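In what follows, a single structure is set out as structure tokens and then discussed.
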Amino acid sequence: MKTKTTLEKAMKFIFNCKIIFSFKNSIFQKKHFGLIFFLITSISFAQSGSCNGSLIVENNGNIRSTPLDGTYYSMVLTNNSPLEDTFALSNKNINATCVNSDGSSTAGNSIVNADFIDSERNSLNEITLSPGQSVHFYIHITVPVSTSVQKWSCNQITATSKNCTNYAVDTVLHTYIINPIND
């Protein structure tokens, strides 16, 4: 009796699979599937290849010293893609993985604040650019109270595309906090 029940279940399973596979095969044979597959593939490749940009510090000024009241880095973000794109701006302290400009140990590096501002000192968190467009903006570095002086800080500045979430451009800022007594 058990054998017959198991055999009946197996036959029913095979019959159900046959229906499912024959249904899928009919979908694959239709011209609509080819068109849908082509469109999805084209959109994926077009989107992944369309994001291109650059983020630089003006005049290669990635290394600066700052008094306790802060300094400004002049930045240029360029959209080199054929489509309009919006870039989200972010700052990450990378003291643990950077190399100080003077070769000193990063173990004692300090953490500074970085704010994104436009030429009129308005706060920024993203920038929208037309194809081929560049924009100048600033990063205002400020030193928190009771931060050690004569130390470095390394900050990775990143602009992440909203069109292609896996695409970003970045640059590293090396800021040396000077001792105000020595100046």
Side-chain angles (χ1 to χ4, degrees), residues 44-183:
S44 289
F45 284 123
Q47 192 176 38
S48 65
S50 67
C51 295
N52 187 357
S54 65
L55 176 66
I56 61 168
V57 181
E58 207 165 43
N59 299 322
N60 296 317
N62 292 57
I63 303 168
R64 300 189 65 128
S65 61
T66 184
L68 296 177
D69 60 352
T71 190
Y72 292 88
Y73 285 90
S74 179
M75 309 294 295
V76 179
L77 177 62
T78 304
N79 178 8
N80 297 318
S81 78
L83 302 173
E84 180 179 279
D85 202 350
T86 298
F87 293 89
L89 303 173
S90 63
N91 166 52
K92 179 181 177 184
N93 178 279
I94 58 167
N95 284 336
T97 58
C98 79
V99 175
N100 288 339
S101 298
D102 63 358
S104 62
S105 170
T106 59
N109 279 15
S110 295
I111 296 175
V112 297
N113 299 321
D115 297 309
F116 302 96
I117 58 174
D118 64 15
S119 59
E120 296 171 359
R121 296 189 180 207
N122 297 314
S123 181
L124 292 172
N125 57 12
E126 63 182 35
I127 297 173
T128 301
L129 297 171
S130 298
Q133 182 182 7
S134 294
V135 69
H136 293 263
F137 67 98
Y138 299 93
I139 298 175
H140 184 204
I141 298 292
T142 55
V143 181
V145 176
S146 68
T147 298
S148 299
V149 295
Q150 295 179 308
K151 301 288 180 183
W152 287 95
S153 180
C154 296
N155 295 76
Q156 181 175 341
I157 307 302
T158 304
T160 304
S161 167
K162 288 199 173 183
N163 285 352
C164 305
T165 55
N166 294 329
Y167 182 80
V169 289
D170 60 52
T171 191
V172 176
L173 306 179
H174 300 270
T175 307
Y176 184 74
I177 305 161
I178 61 174
N179 186 343
I181 296 172
N182 294 342
D183 284 339

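Small disclaimer: the values here were computed from a predicted structure and weren't measured.
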Residue pairs passing the salt bridge (Lys or Arg N to Asp or Glu O under 4.0 Å) test where at least one lies in [range], sequence neighbours excluded:
range: residues 123-143; value: Glu126-Lys162
range: residues 62-90; value: none
range: residues 127-146; value: none
range: residues 166-178; value: none

Q: Determine which pairs satisfy disulfide bond (SG atoms under 2.5 Å apart) with at least one residue from residues 102-152, sequence neighbours left out, and list them in order.
A: none
**Q.** Results of side-chain contact (heavy atoms from CB on, under 4.5 Å) for Val135 - residues two or more places apart only
**A.** Leu77, Ile127, Leu129
Q.
Holding to side-chain contact (heavy atoms from CB on, under 4.5 Å), I want the full list of residues that pass it with Val76, two or more places apart in sequence or in another chain.
A. Ile56, Glu58, Thr78, Ser134, His136
Suppose we screen for side chain to side chain donor-acceptor pair (under 3.5 Å). Which residues come up paired with [X], at least two apart in sequence or across chains?
X: Asn155; value: Asn91, Ser153
X: Thr66; value: none
X: Thr171; value: Asn62
X: Thr86; value: Thr128

Hey, what do you get for [atom1] ([X]) to [atom2] ([Y]), rounding to the nearest 0.5 Å?
X: Gln150; Y: Ile181; atom1: CD; atom2: CD1; value: 9.0 Å
X: Ser65; Y: Ile178; atom1: OG; atom2: CD1; value: 5.0 Å
X: Asn109; Y: Thr175; atom1: CG; atom2: OG1; value: 10.0 Å
X: Asn52; Y: Ser161; atom1: CG; atom2: OG; value: 10.0 Å

Do you know which two heavy atoms are closest between [X] and [Y], and how far apart they sit?
X: Ile63; Y: Ser101; result: CD1-OG, 3.3 Å
X: Ser130; Y: Asn79; result: O-ND2, 3.4 Å
X: Pro131; Y: Pro82; result: CG-O, 3.3 Å
X: Cys154; Y: Asn100; result: SG-OD1, 3.9 Å
X: Pro67; Y: Val143; result: O-CG2, 3.8 Å
X: Ser110; Y: Ser148; result: OG-O, 3.4 Å

Do [X] and [Y] come close enough that some side-chain heavy atom pair is under 4.5 Å?
X: Ser123; Y: Asp115; answer: no
X: Phe137; Y: Leu89; answer: yes
X: Tyr72; Y: Ile139; answer: no
X: His140; Y: Tyr138; answer: no
X: Val169; Y: Ser54; answer: no

Q: With side chain to side chain contact (heavy atoms under 4.5 Å, CB included) as the test, would you mind laying out the steps for Thr158 and Ser90 before giving the verdict?
A: CA-CA 5 Å; Thr158 304; Ser90 63; 3.5 Å; yes
Q. Under 6.0 Å from the CD1 atom of Ile111, do we count more than 12 heavy atoms belonging to anything else shown?
A. no
Q: Just do the side chain to side chain contact (heavy atoms under 4.5 Å, CB included) check on Val99 and Thr106 with the steps written out, would you?
A: CA-CA 7 Å; Val99 175; Thr106 59; 5.8 Å; no
Q.
Strictly distance-based, threshold 3.5 Å: is any side-chain N or O of Tyr167 a donor or acceptor partner for the main-chain N or O of Gly53?
A. yes
**Q.** Donor-acceptor pair, side chain of Asp118 and main chain of Arg121, under 3.5 angstrom
**A.** yes
Q) Any side-chain donor paired with an acceptor under 3.5 Å for Ser104 and Asp102? A) yes
**Q.** Those residues that, when tested against Tyr176, pass ring-ring contact (aromatic ring centres under 6.0 Å, His included) (two or more places apart)
**A.** Trp152
